[in-house]
Participant: 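Okay, handing you the structure first.
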Amino acid sequence: MNPLAAQILAILFAAGRSVSIAELSRGLMQPEAEVKKALAALARTLEAGDFGVALEEVAGGWRLIVHPKHHAAVHRALRPRPPRLSRAALEVLAIIAYRQPITRAEIEAIRGKNSDAVLEGLEARGLVSVVGEKATIGRPKLYGTTQRFLEVFGLQSLEELPGLEGPELPLLRD
């Protein structure tokens with residue numbers, strides 16, 4: 001493995017999140033083209049699964065994941081659980097993901113229920129954040145999804161969200 005690829009591997013391991021090409025380039029003081037070349041070489045090295053990990057491009061960057069070949073062993077040893085979200089939290093998260101930026105009042109109008117506690121919980125988990133204020137009376141906060149949301153759900157961008165077909169979600173459509 002070349003030294004640049006080894007450094008990238010170390011950074012991705014230490015980060016525990018997706019890291020953009022620009023961040024890698026800055027941190028390694030290397031041109032982005034060189035970083036991309038080293039990432040491609042690293043991906044080829046890890047492809048067979050001999051190291052137990054693989055590279056995944058997600059949320060505008062790269063991260064290390066368990067190689068699919070080793071999922072069963074990891075599951076048996078650690079019994080990992082995906083983040084548990086209540087039905088209400090998933091509901092609010094879906095509304096925000098598809099309608100962002102959106103105010104708490106708009107979320108509650110769609111749900112027909114108070115969403116204060118759910119929003120606080122989603123903010124605490126880093127899945128949503130305040131992205132601005134609406135230019136109306138009272139300047140209500142506008143909520144949007146975060147980079148962590150993309151990482152948790154394995155999305156590169158919001159464009160990868162599934163479509164909203166079906167009669168059960170008419171209020172989410174524009």
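Small disclaimer: the values here were computed from a predicted structure and weren't measured.
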Participant: Kindly indicate whether the side chain of Gln156, heavy atoms from C-beta on, has any atom under 4.5 Å from the side chain of Leu150.
Facilitator: no
Participant: Evaluate the criterion side-chain contact (heavy atoms from CB on, under 4.5 Å) for residue pair Ile21 and Lys36; output intermediate values, then yes/no.
Facilitator: CA-CA 7 Å; Ile21 300 279; Lys36 287 178 184 176; 3.9 Å; yes
Participant: What is the distance from atom CZ of Arg125 to atom OG1 of Thr146, rounded to the nearest 0.5 Å?
Facilitator: 12.5 Å
Participant: Step through the shown structure and confirm whether more than 12 heavy atoms of other residues, nucleotides or ligands are within 6.0 Å of NZ on Lys113.
Facilitator: no
Participant: Compare all side-chain heavy atoms of His67 with those of Leu46 and state whether any distance is below 4.5 angstrom.
Facilitator: no
Participant: Identify the heavy atoms of Pro140 and Ile137 that sit nearest to each other, and give their distance.
Facilitator: CD-O, 3.9 Å
Participant: Could you pull out all residues at least two apart from Ser18 that satisfy side-chain hydrogen bond (donor to acceptor under 3.5 Å, both in side chains)?
Facilitator: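 Only Glu151 meet the side-chain hydrogen bond (donor to acceptor under 3.5 Å, both in side chains) criterion with Ser18.
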Participant: Looking only at atom types and distance, does a side-chain atom of Gln30 sit under 3.5 Å from a main-chain N or O of Ser25, one as donor and one as acceptor?
Facilitator: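 No; zero donor-acceptor contacts below 3.5 Å.
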Participant: First locate atom CG of Leu90, then atom CZ of Arg84, and finally report the distance between them rounded to the nearest 0.5 Å.
Facilitator: 11.0 Å
Participant: Look only at the side chain of Ser20 and the backbone of Gly60, and say whether a donor-acceptor pair between them is shorter than 3.5 Å.
Facilitator: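 Checking the backbone N and O of Gly60 against the side chain of Ser20, no donor-acceptor pair under 3.5 Å is found.
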Participant: Looking at Lys69 and Gly52, would you say the former's side chain and the latter's main chain have a donor-acceptor pair under 3.5 Å?
Facilitator: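 Not a single qualifying donor-acceptor pair exists.
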Participant: Please report the shortest heavy-atom distance between Ala135 and Arg139, naming the atom on each side.
Facilitator: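 Reported closest heavy-atom pair: CA-NH1, 3.4 Å.
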Participant: Kindly write out the residues that satisfy side-chain hydrogen bond (donor to acceptor under 3.5 Å, both in side chains) with Asp50, not counting sequence neighbours, or none if the list is empty.
Facilitator: none
Participant: Can you list the other members of the hydrophobic cluster that holds Val131, where links are side-chain heavy atoms under 4.5 angstrom apart?
Facilitator: Leu142
Participant: Quick one: list whatever passes salt bridge (Lys or Arg N to Asp or Glu O under 4.0 Å) with Lys134, sequence neighbours left out.
Facilitator: Glu106
Participant: Please list all pairs meeting side-chain hydrogen bond (donor to acceptor under 3.5 Å, both in side chains) that have one or both residues in residues 7-17, counting only residues at least two apart or in different chains.
Facilitator: Arg17-Glu23
Participant: Could you work out, with side-chain hydrogen bond (donor to acceptor under 3.5 Å, both in side chains) as the rule, every residue matching Glu160, not counting sequence neighbours?
Facilitator: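 For Glu160, no residue satisfies side-chain hydrogen bond (donor to acceptor under 3.5 Å, both in side chains) once neighbours in sequence are set aside.
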Participant: Can you measure from CD1 (Ile110) to CD1 (Ile95) and round to the nearest 0.5 angstrom?
Facilitator: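 Answer rounded to 0.5 Å: 5.0 Å.
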Participant: Do any pairs count as a salt bridge (Lys or Arg N to Asp or Glu O under 4.0 Å) and have a residue in residues 24-34, sequence neighbours left out, and if so which ones?
Facilitator: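 Only Glu34-Lys37 qualify under salt bridge (Lys or Arg N to Asp or Glu O under 4.0 Å).
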Participant: Given Leu42 and Asn2, is the side-chain contact (heavy atoms from CB on, under 4.5 Å) satisfied, shown in steps?
Facilitator: CA-CA 9 Å; Leu42 181 58; Asn2 76 46; over 6 Å; no
Participant: Report the C-alpha separation of Leu119 and Tyr143 in whole Å, then their side-chain angles, then the decisive distance to 0.1 Å, and conclude whether the side-chain contact (heavy atoms from CB on, under 4.5 Å) test is met.
Facilitator: CA-CA 9 Å; Leu119 273 172; Tyr143 292 91; 3.8 Å; yes
Participant: Roughly how far apart are Ile96 CD1 and Ile102 CD1, rounded to 0.5 Å?
Facilitator: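 Interatomic distance, Ile96 CD1 to Ile102 CD1, rounded to 0.5 Å: 7.0 Å.
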Participant: Say you draw a straight line from CD of Glu108 to CG of Asp116; how long is it, rounded to the nearest 0.5 Å?
Facilitator: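 Separation between the atoms: 5.5 Å.
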Participant: Can Val19 and Trp62 be said to form a side-chain contact (heavy atoms from CB on, under 4.5 Å), step by step?
Facilitator: CA-CA 5 Å; Val19 181; Trp62 292 85; 5.9 Å; no
Participant: Within the structure provided, determine whether Leu122 and Val92 are in side-chain contact (heavy-atom separation under 4.5 Å).
Facilitator: yes
Participant: Between Leu55 and Glu47, is any pair of side-chain heavy atoms under 4.5 Å apart?
Facilitator: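 With C-beta onward as the side chain, the pair stays apart.
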Participant: Suppose we screen for side-chain contact (heavy atoms from CB on, under 4.5 Å). Which residues come up paired with Ala97, at least two apart in sequence or across chains?
Facilitator: Thr145, Phe149, Leu161
Participant: Arg63: what forms a salt bridge (Lys or Arg N to Asp or Glu O under 4.0 Å) with it, not counting sequence neighbours?
Facilitator: Glu56
Participant: May I ask you to test the Val118-Leu93 pair for a side-chain heavy-atom distance under 4.5 Å?
Facilitator: no
Participant: With Glu91, which residues qualify under salt bridge (Lys or Arg N to Asp or Glu O under 4.0 Å), at least two apart?
Facilitator: Arg111
Participant: For residues Gly154 and Val58, report the shortest heavy-atom separation together with the two atoms involved.
Facilitator: C-CG2, 3.8 Å
Participant: Enter the distance from Thr45:OG1 to Leu9:CG here, rounded to the nearest 0.5 Å.
Facilitator: 9.5 Å
Participant: Using atom types as modelled and distance alone, determine if a side-chain donor or acceptor of His70 lies under 3.5 Å from a backbone N or O of Val53.
Facilitator: no
Participant: On a heavy-atom basis, which atom in Ile11 and which in Leu28 lie closest, and how many Å separate them?
Facilitator: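 Minimum heavy-atom separation between Ile11 and Leu28: CD1-CD2, 3.6 Å.
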Participant: Which residues satisfy the salt bridge (Lys or Arg N to Asp or Glu O under 4.0 Å) test with Glu57, sequence neighbours excluded?
Facilitator: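 Checked Glu57 against salt bridge (Lys or Arg N to Asp or Glu O under 4.0 Å); zero matches.
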Participant: According to side-chain contact (heavy atoms from CB on, under 4.5 Å), who are the partners of Arg44, at least two apart in sequence or on a separate chain?
Facilitator: Ala40, Ala41
